[in-house]
Amino acid sequence: MLDLRWVRDNLDVVQEALGKRDVRVDLARFRELDGERRRLISEVERLKSRRNTVSGEIAKLKKTGEPVEDQIKAMRELGDEIRKLDMRLTEIEEELGQLMLDIPNIPDESVPVGPDESANVVVRTWSEAPKFDFEPKPHWDLGIDLGILDFERAAKIARTRFVLYWELGARLERSLLNFMLDLHTAKHGYTEVFPPILVNDASLTGTGQLPKFAEDLFKVENENLYLIPTAEVPVTNIHRDEILGDDDLPRYYCAYTPCFRSEAGAYGKETRGLIRHHQFNKVELVKFVHPDNSYAELERLTADAESILQALNIHYRVIVLATGDLGFSSAKTYDIEVWLPGFGGYKEISSCSNFEDFQARRANIRFRETPKAKPRFVHTLNGSGLAIGRTVAAVLENYQQADGTVLVPEALRPYLGGVKRIGPVRF
RNA sequence: GGAGAGAUGGCCGAGCCGGUCGAAGGCGCUCGCCUGCUAAGCGAGUAGGGGAUUACAAAUUCCCUCGAGGGUUCGAAUCCCUCUCUCUCCGCCA
């Protein structure tokens with residue numbers, strides 16, 4: 001959510017940003033509601049002020065035993081009027097609030113302008129795609145042939161878009177998330193947390209999934225709780241409604257959680273393999289930072305996520321999302337796309353965003369620069385570091401051998417009990 | 001799941017037979033005084049949000065907020081209703 005006063009004073013900037021994103025919001029209506037709201041506030045507060053003074057007088061008169069019937073009668077009428085105006089004000093504020101929730105974040109100036117993903121820009125690539133003297137297989141063929149990925153039984157147990165990992169497959173998944181958590185906590189200064197994976201709607205509103213994107217979520221029946229689509233939700237909400245001290249910033253958190261997405265509307269897309277599932281594991285990085293530093297922090301956050309692929313020695317590229325492809329709450333986003341030789345292309349494995357104060361305002365996360373200063377909103381950032389399932393896919397496809405086995409990346413071997421190669425298993 | 005108790009400012013804690021209570025007192029913190037340094041002592045200050053005026057500054061002023069929402073009343077932290085959360089005991093379990 002943007003700042004009401006800021007929007008009022010910068011309607012042209014908002015209009016331009018909406019245009020860049022190709023989003024439509026009724027700003028004329030905004031102007032109307034905003035003006036009406038302020039008029040009503042002045043009016044109703046004038047009346048309340050009067051009521052307060054007269055009520056005080058009534059108290060005094062009663063003490064001295066003087067008659068107060070006239071005052072009480074007048075105040076009764078005044079009370080009715082106040083009630084009417086308050087109701088009208090509530091209506092206006094509700095509509096205005098709804099309108100404010102529909103306005104997406106303003107893209108940063110450095111974000112390329114374009115209608116969709118075709119306008120995204122590659123900012124760097126790391127290493128090179130491996131050369132194979134055979135036809136590299138997609139990870140689902142590799143995984144099925146090796147007996148470590150079992151999609152059929154997963155569909156029987158749950159439904160399609162789930163996976164059952166067997167043996168070294170399960171171990172690979174577990175080793176990757178441990179490896180990532182260890183690296184981020186030991187080398188990059190993140191504090192590990194393990195949050196609830198069911199959250200309430202206040203948390204989802206705080207990070208921007210609600211009210212607009214409810215259909216992407218799994219909701220628990222008969223409970224006001226949702227399965228998290230990403231650890232961003234519980235971890236960012238750790239500090240909801242808090243005022244941090246200046247020395248509390250920056251705060252870096254990393255968390256492993258399963259993630260759940262309904263993927264409504266995604267049927268027919270990427271139905272094979274590990275790419276797009278209803279349940280997947282992810283290690284998430286979340287930062288709370290001083291507003292002056294957030295863009296430098298975004299670069300570092302992205303570099304932290306990249307370091308995982310570097311340690312695994314897997315080719316990738318980093319792109320900056322164009323205005324039309326940018327997430328609703330984000331001011332700037334880098335996607336890290338990993339090379340999948342069997343799949344035959346790059347696939348997003350991490351998305352690193354600076355939300356500036358957009359989430360902080362919704363979630364009411366503030367800090368004081370000095371002990372007496374007025375609270376200001378922090379800037380929040382987050383990024384995957386990384387999506388585990390897609391990393392498994394990347395390891396399988398990039399490290400596959402001509403005989404259908406898969407070498408284990410050096411960095412991962414200690415986590416797999418020294419196993420150097422994943423060969424076929426049968427159960 | 002059953003029975004009971006409670007939710008007040010950074011923390012502790014009064015107020016709860018309705019009337020200058022945004023809130024006593026203490027602790028903590030900030031500034032000043034005092035002191036060879038420290039401690040102690042003395043004085044002052046110390047919630048958040050939203051309006052108006054204004055330069056979206058300072059200053060001034062007003063309104064709202066005592067878990068959340070609603071109600072009663074001229075007036076509610078104080079009375080009534082609903083919800084959420086916390087604690088204690090019992091049951092159940094990992």
Side-chain angles (χ1 to χ4, degrees), chain A residues 1-14 30-97 99-100 106 194-206 220 222-226 234 237-249 291 356-357 360-378:
Chain A
M1 185 159 58
L2 298 171
D3 180 48
L4 180 69
R5 215 174 304 185
W6 185 88
V7 172
R8 177 189 307 151
D9 295 340
N10 295 278
L11 270 179
D12 49 334
V13 179
V14 176
F30 169 87
R31 202 196 302 261
E32 243 173 74
L33 290 167
D34 179 56
E36 180 68 4
R37 169 175 173 270
R38 284 189 293 164
R39 269 192 297 282
L40 277 168
I41 285 174
S42 296
E43 174 72 7
V44 81
E45 287 190 349
R46 215 189 73 238
L47 299 180
K48 282 179 178 173
S49 173
R50 177 128 170 279
R51 179 176 69 183
N52 288 344
T53 34
V54 175
S55 286
E57 284 164 15
I58 291 174
K60 276 184 202 147
L61 291 174
K62 270 200 154 177
K63 268 195 187 125
T64 60
E66 291 179 53
V68 292
E69 296 313 312
D70 291 350
Q71 282 90 336
I72 288 183
K73 185 158 174 269
M75 285 308 99
R76 194 171 294 151
E77 282 163 20
L78 188 62
D80 287 343
E81 195 168 344
I82 288 172
R83 209 185 317 273
K84 260 185 240 158
L85 289 177
D86 263 339
M87 275 168 59
R88 175 112 182 82
L89 185 59
T90 305
E91 279 171 27
I92 301 249
E93 291 196 325
E94 255 165 37
E95 191 181 341
L96 188 61
L99 209 58
M100 290 298 291
I106 307 293
F194 190 68
I197 59 177
L198 288 173
V199 296
N200 56 35
D201 47 16
S203 293
L204 287 159
T205 305
V220 180
N222 299 326
E223 295 282 344
N224 198 18
L225 290 169
Y226 301 79
N237 277 283
I238 287 174
H239 294 301
R240 171 153 54 86
D241 293 323
E242 289 186 14
I243 301 176
L244 303 171
D246 188 45
D247 51 1
D248 286 326
L249 299 179
E356 299 191 356
D357 61 6
R361 185 171 293 106
R362 283 178 166 236
N364 196 28
I365 307 167
R366 293 171 295 171
F367 76 106
R368 285 183 215 274
E369 273 183 306
T370 60
K372 291 192 148 189
K374 268 192 78 166
R376 294 179 63 187
F377 290 110
V378 303

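Residue numbers start from 1 in every chain, and the chains themselves are labelled A, B, ... in the order their sequence lines are given, proteins ahead of strands.
Rounding to the nearest 0.5 Å places CG of A:L4 at 5.0 Å from CZ of A:R8.
To the nearest whole angstrom, the two P atoms, one in B:G22 and one in B:C66, are 11 Å apart. Taking atom C1' on both B:A76 and B:G91, the two are 40 Å apart, rounded to the nearest angstrom. Look at the C1' atom in both B:C85 and B:G25: the space between them is 28 Å, to the nearest Å. As rounded to the nearest Å, B:C63 and B:U72 have C1' atoms that lie 22 Å from one another. For the P atoms, the distance from B:U61 to B:A5 is 45 Å, rounded to whole Å. Between B:C81 and B:C21, the two C1' atoms lie 25 Å apart (nearest whole Å). Spacing of P atoms, B:G41 relative to B:C27, comes out at 8 Å, to the nearest Å. Rounded to whole Å, the separation between the P atoms of B:G75 and B:G13 comes to 33 Å.
The side chain of A:S42 lies closest to B:A52 when the candidates are B:C63, B:A52, B:G75. Proximity note for A:P375 (side chain, C-beta onward) versus B:G50, B:G49, B:G75: the nearest is B:G49.
Contacts of A:R366 classified as salt bridge (Lys or Arg N to Asp or Glu O under 4.0 Å), with partners at least two apart in sequence or in another chain: none. A:R39 is linked by a salt bridge (Lys or Arg N to Asp or Glu O under 4.0 Å) to A:E36, counting only residues two or more places apart in sequence or in another chain. The side chain to side chain donor-acceptor pair (under 3.5 Å) search around A:R76 returns none, not counting sequence neighbours. Checked against ring-ring contact (aromatic ring centres under 6.0 Å, His included), A:F367 has the following partners two or more places apart in sequence or in another chain: A:H290. Taking the side chain to side chain donor-acceptor pair (under 3.5 Å) definition, one finds that A:E66 meets it with A:T64, sequence neighbours left out. Scanning for side chain to side chain donor-acceptor pair (under 3.5 Å) contacts around A:R50 gives an empty result, with sequence neighbours left out.
Phosphate contact (OP1/OP2 of B:G51, side-chain N/O of A:R37, threshold under 4.0 Å): present. An OP1 or OP2 oxygen of B:A52 is reached within less than 4.0 angstrom by a side-chain nitrogen or oxygen of A:R38. Checking the phosphate oxygens (OP1, OP2) of B:G49, a side-chain nitrogen or oxygen of A:R366 falls inside 4.0 Å. Between A:R46 and B:A52, a side-chain N or O to OP1/OP2 separation shorter than 4.0 Å is absent.
For B:G32, the paired nucleotide is B:C42, the pair qualifying as Watson-Crick or G-U wobble because both relevant distances are below 3.5 Å. The partner of B:U73, taking Watson-Crick or G-U wobble pairs whose two distances both stay under 3.5 Å, does not exist in any strand shown. Under the Watson-Crick or G-U wobble criterion, with both distances below 3.5 Å, B:G1 is paired with B:C90. Across all strands shown, B:G22 forms no Watson-Crick or G-U wobble pair with both key distances under 3.5 Å. Base-pair partner of B:C66: not found among the strands shown (Watson-Crick or G-U wobble, both distances under 3.5 Å). Base pairing annotation: B:U78 forms no Watson-Crick or G-U wobble pair, as no partner gives both donor-acceptor distances under 3.5 Å. A 3.5 Å limit on both hydrogen-bonding distances identifies B:G6 as the Watson-Crick or G-U partner of B:C85.
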Would you tabulate the side-chain donor-acceptor contacts of residues 82-93 of chain A under 3.5 Å, counting partners in other chains and residues two or more places apart, or write 'none'?
{"residue": "A:D86", "atom": "OD2", "partner": "A:K48", "partner atom": "NZ", "Å": "3.3"}
{"residue": "A:T90", "atom": "OG1", "partner": "A:D86", "partner atom": "O", "Å": "2.8"}
{"residue": "A:E93", "atom": "OE2", "partner": "A:R37", "partner atom": "NE", "Å": "2.8"}

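Atom CZ of A:R361 is separated from atom C1' of B:G50 by 15 Å (rounded to the nearest Å). Straight-line distance from the CD atom of A:E242 to the P atom of B:C11: 11 Å, rounded to whole Å. Distance, A:R51 CZ to B:G75 C1': 8 Å, rounded to whole Å. Regarding A:D3, its CG atom lies at a distance of 14 Å from the C1' atom of B:G51, rounded to whole Å. Regarding A:E223, its CD atom lies at a distance of 15 Å from the P atom of B:C83, rounded to whole Å. One atom, CD of A:E81, and another, P of B:G75, lie 14 Å apart when rounded to the nearest Å. A:F377 places its CZ atom 13 Å from the P atom of B:G48, with the value rounded to the nearest Å.
In terms of heavy-atom proximity, A:Y226 sits nearest to A:D201 at CE1-CB, 4.0 Å. A:N200 and A:R240 make their closest contact through OD1-NH2, 3.8 Å (heavy atoms, listed as atom of the first residue, atom of the second, distance). Contact detail for A:N237 and A:S203: the closest heavy-atom pair is ND2-O, 2.8 Å.
Residues from residues 52-60 of chain A lying near RNA chain B, meaning a heavy-atom separation below 4.0 Å, are A:N52, A:S55, A:I58, A:A59 in numerical order.
Taking for each of A:E45 and A:R83 the nucleotide of RNA chain B with the nearest heavy atom, the 5'-most of the two is the partner of A:E45.
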Between protein and nucleotides 55-57 of chain B, what N or O pairs are separated by less than 3.5 Å?
none

Practice task
Evaluate the side chain to side chain contact (heavy atoms under 4.5 Å, CB included) criterion for residues A:N364 and A:F377: first the C-alpha distance (whole Å), next the side-chain angles of each, then the deciding distance (0.1 Å), finally the verdict.
Solution key: CA-CA 7 Å; A:N364 196 28; A:F377 290 110; 4.0 Å; yes
